[in-house]
2 protein chains.
Amino acid sequence: MTQSTQDRIINAAIELVKEKGFVGATTREIAKRAQVNEVTLFRHFGNKKGIIEAAIEKLSFVNSLSVSLSEDVVWDLTKDLSMIVKIYQTKLEEKRDLILISFKEAGRFPELDQMISGLPMKYKEMIMDYFQTMIQKGKVPPFNVEIAATNFLFLNFGYFMLKSRLNPLAEDMSLDKFINQNVAQFIDSLQGEPSINSD
Amino acid sequence: MTQSTQDRIINAAIELVKEKGFVGATTREIAKRAQVNEVTLFRHFGNKKGIIEAAIEKLSFVNSLSVSLSEDVVWDLTKDLSMIVKIYQTKLEEKRDLILISFKEAGRFPELDQMISGLPMKYKEMIMDYFQTMIQKGKVPPFNVEIAATNFLFLNFGYFMLKSRLNPLAEDMSLDKFINQNVAQFIDSLQGEPSINSD
DNA sequence: TCACATTGTAAGCAAATACTTGCATTTACT
DNA sequence: AGTAAATGCAAGTATTTGCTTACAATGTGA
């Protein structure tokens with residue numbers, strides 16, 4: 001199925017802004033990449049900024065990043081955290097372009113900044129809630145849930161960032177490997193069990 | 001002591017490129033912020049790109065990021081890792097502007113890209129060496145050093161990135177707190193001991 | 001077929017930008 | 001004092017950029 005004119009423009013704009021920054025991405029080049037005449041951009045979105053703002057609105061409403069905790073949780077540390085990481089990282093991946101743009105253009109799109117900067121906090125709070133409940137259920141020995149949730153957040157965010165920006169390292173940074181190795185080690189540390197095998 | 005003309009120009013350029021990107025930072029504004037006539041930029045650095053390239057060369061030679069492992073290591077897990085994190089994060093902080101620029105302007109300054117992208121790998125390898133030796137010395141039970149080093153890297157990098165870019169969260173993200181809480185929890189997980197206290 | 005919406009074409013404009021040139025002024029050093 | 005280097009000043013140029021206007025071509029649904 002063919003993309004609408006608006007969608008082609010939005011996608012081309014996102015690509016170019018990601019590559020060259022907002023100022024570096026010219027309307028002529030956006031139009032060329034979208035295979036559209038330059039005036040069409042302005043007819044649809046008013047001005048250059050309007051294109052990116054439309055992209056932000058579109059991508060932020062399509063899928064919010066709140067992981068549905070109540071459903072799908074089976075109160076098994078490994079199963080649950082693996083699932084949560086998978087969902088979270090997948091959704092981050094979908095939003096990767098916008099996240100990278102928000103890093104590049106910090107301050108230019110306040111709405112985007114707000115949206116992006118809220119993500120880690122929400123994630124941390126959700127994880128804290130989950131840990132708290134697991135402790136109450138007696139599934140894990142008690143621990144400081146805030147510190148653990150912060151570490152879990154750093155782990156996830158560090159993985160995402162290094163994977164997104166430092167491709168040389170990314171050769172063997174698949175999501176599955178991350179979950180089965182790195183997340184697994186973190187999980188072990190919460191259970192007070194001996195660490196992962198040495199081979 | 002007063003800065004030299006070159007230094008004022010370089011610092012102003014770094015500030016502005018960090019704020020507005022390379023294309024968005026105009027030579028007029030750089031000159032104004034450096035309290036220097038615009039022509040002086042070109043007389044010293046040839047063209048706009050030359051300013052940033054000079055900044056890269058200057059800041060990358062002043063202090064390389066290789067942590068001196070052989071010295072200062074006392075083969076105590078907590079003391080050593082705390083020291084390493086402190087040194088590493090402090091040096092990252094010194095280079096923060098360049099790191100953020102390399103994120104903003106990925107591809108524009110290959111030399112910078114190369115320098116930045118090499119940091120995590122070096123860090124990981126150094127940590128792996130340290131873990132390996134600690135195991136050989138019998139100071140810690142054996143574990144998979146690669147996974148542990150990767151997690152340690154993610155922890156450090158995630159902390160740095162979230163602290164650098166998401167200020168709202170940064171209120172209570174001091175380096176000391178990070179070391180005493182988050183790094184401490186990681187250390188505990190390697191020693192096979194019960195996790196941190198719940199209060 | 002007719003009306004209307006969408007897109008293309010051509011031309012251009014006002015502003016900004018990187019960079020240059022020629023010359024005056026200041027600063028530093030002997 | 002005098003010389004040379006560093007910096008300022010004024011003016012300008014060629015190009016690019018965001019955006020506009022006027023009009024023709026194409027498609028689409030009644």
Side-chain angles (χ1 to χ4, degrees), chain A residues 1-58 97 101-102 104-112, chain B residues 1-58 97 101-102 104-112:
Chain A
M1 100 180 147
T2 56
Q3 279 180 318
S4 75
T5 304
Q6 274 101 331
D7 284 346
R8 287 210 317 277
I9 293 172
I10 285 179
N11 291 336
I14 288 184
E15 270 184 41
L16 275 170
V17 169
K18 199 183 56 179
E19 287 174 21
K20 308 190 172 184
F22 181 76
V23 189
T26 72
T27 53
R28 297 215 209 298
E29 204 172 351
I30 294 173
K32 191 179 171 187
R33 189 169 299 202
Q35 286 177 308
V36 157
N37 195 282
E38 194 185 355
V39 280
T40 308
L41 308 189
F42 297 103
R43 284 198 268 243
H44 277 295
F45 304 101
N47 52 34
K48 193 167 104 171
K49 210 172 177 183
I51 306 174
I52 302 297
E53 284 168 352
I56 293 171
E57 233 170 305
K58 187 188 165 198
D97 286 347
I101 287 178
S102 91
K104 239 191 230 290
E105 307 294 331
R108 194 186 302 273
F109 305 104
E111 194 187 349
L112 179 61
Chain B
M1 98 181 148
T2 56
Q3 280 180 317
S4 76
T5 305
Q6 274 101 329
D7 284 345
R8 287 209 317 276
I9 293 172
I10 285 179
N11 291 335
I14 287 184
E15 271 184 42
L16 275 170
V17 170
K18 199 183 56 178
E19 288 174 20
K20 309 190 171 186
F22 181 76
V23 189
T26 72
T27 54
R28 297 211 214 298
E29 206 171 351
I30 294 173
K32 191 180 172 187
R33 189 168 299 201
Q35 288 177 307
V36 158
N37 195 281
E38 194 185 354
V39 280
T40 308
L41 308 189
F42 297 102
R43 283 199 266 245
H44 277 296
F45 303 101
N47 53 33
K48 193 166 102 171
K49 209 172 178 184
I51 306 175
I52 303 296
E53 284 169 351
I56 293 171
E57 233 170 307
K58 187 188 167 200
D97 287 347
I101 288 178
S102 92
K104 240 192 229 291
E105 308 295 330
R108 194 185 300 276
F109 305 104
E111 194 187 349
L112 179 60

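Note that this is a predicted model, so its numbers are computed, not measured. Within every chain, numbering begins at 1; the chains are lettered A, B, ... in the order of the sequence lines, protein sequences first and strands thereafter.
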Check your understanding: What are the two closest non-hydrogen atoms of B/Phe42 and B/Lys48, and how far apart are they?
Key -> CE2-N, 4.4 Å
Revision key, fill the gap. B/Gln35 CD to D/dG8 P, in whole Å, measures 10 Å
Review point. Do B/Glu111 side-chain atoms and B/Ile56 backbone N/O form a donor-acceptor pair below 3.5 Å?
Key: no
Study note, to complete from the structure: In whole angstroms, the gap separating P of C/dT6 from CD of A/Gln3 amounts to 19 Å
Review point. Distance check: side-chain N/O of A/Thr27 vs OP1/OP2 of D/dG18, anything under 4.0 Å?
Key: yes
Revision key, fill the gap. In whole angstroms, the gap separating P of D/dA6 from CZ of B/Arg8 amounts to 15 Å
Practice item. Would you classify A/Val36 as touching base, sugar-phosphate or nothing, given that sugar-phosphate means primed atoms plus P, OP1 and OP2, and contacts are heavy atoms under 4.0 Å? Key: sugar-phosphate
**Study point:** Whole-Å distance separating the CD atom of B/Glu29 from the C1' atom of C/dA18
**Key:** 15 Å
Check your understanding: Can you check whether B/Glu29 reaches B/Lys20 side chain to side chain, under 4.5 Å on heavy atoms?
Key -> yes
Study note, to complete from the structure: In short, B/Thr27 meets B/Glu38 closest at the heavy-atom pair OG1-OE2, 2.7 Å
Review point. Are the side chains of B/Arg108 and B/Val23 in touch, meaning some heavy atoms are under 4.5 Å apart?
Key: yes
Check your understanding: For B/Glu38 and D/dT13, what is the distance between atoms CD and P respectively, to the nearest whole Å?
Key -> 16 Å
Practice item. Check the distance between D/dT17's C1' and A/Lys20's NZ and give it to me in whole angstrom. Key: 14 Å
Point to revise | Interatomic distance, B/Asn37 CG vs C/dT26 P [rounded to whole Å] | key: 14 Å
Study note, to complete from the structure: For A/Ile51 and A/Ala13 the tightest heavy-atom approach is CG2-CB, 3.4 Å
Practice item. Please state whether the phosphate of D/dT7, meaning OP1 or OP2, lies under 4.0 angstrom from any side-chain nitrogen or oxygen of B/Thr5. Key: yes
**Study point:** Pairwise 5' ranking along DNA chain C for B/Val39 and B/Val23, keeping only the more 5' one
**Key:** B/Val23
Point to revise | Residues within residues 40-55 of chain A bordering DNA chain C, heavy-atom distance below 4.0 Å | key: A/Thr40, A/Arg43, A/His44
Revision key, fill the gap. Whole-Å distance, B/Ile9 CD1 to D/dA6 P, equals 13 Å
Check your understanding: Which heavy atom of A/Glu19 sits nearest a heavy atom of A/Lys104, and at what distance?
Key -> O-NZ, 3.9 Å
Exercise for review: Identify whether any heavy atom of A/Ala25 sits under 4.0 Å from a base atom; if not, whether one sits that close to sugar-phosphate; answer base, sugar-phosphate or nothing.
Suggested key: sugar-phosphate
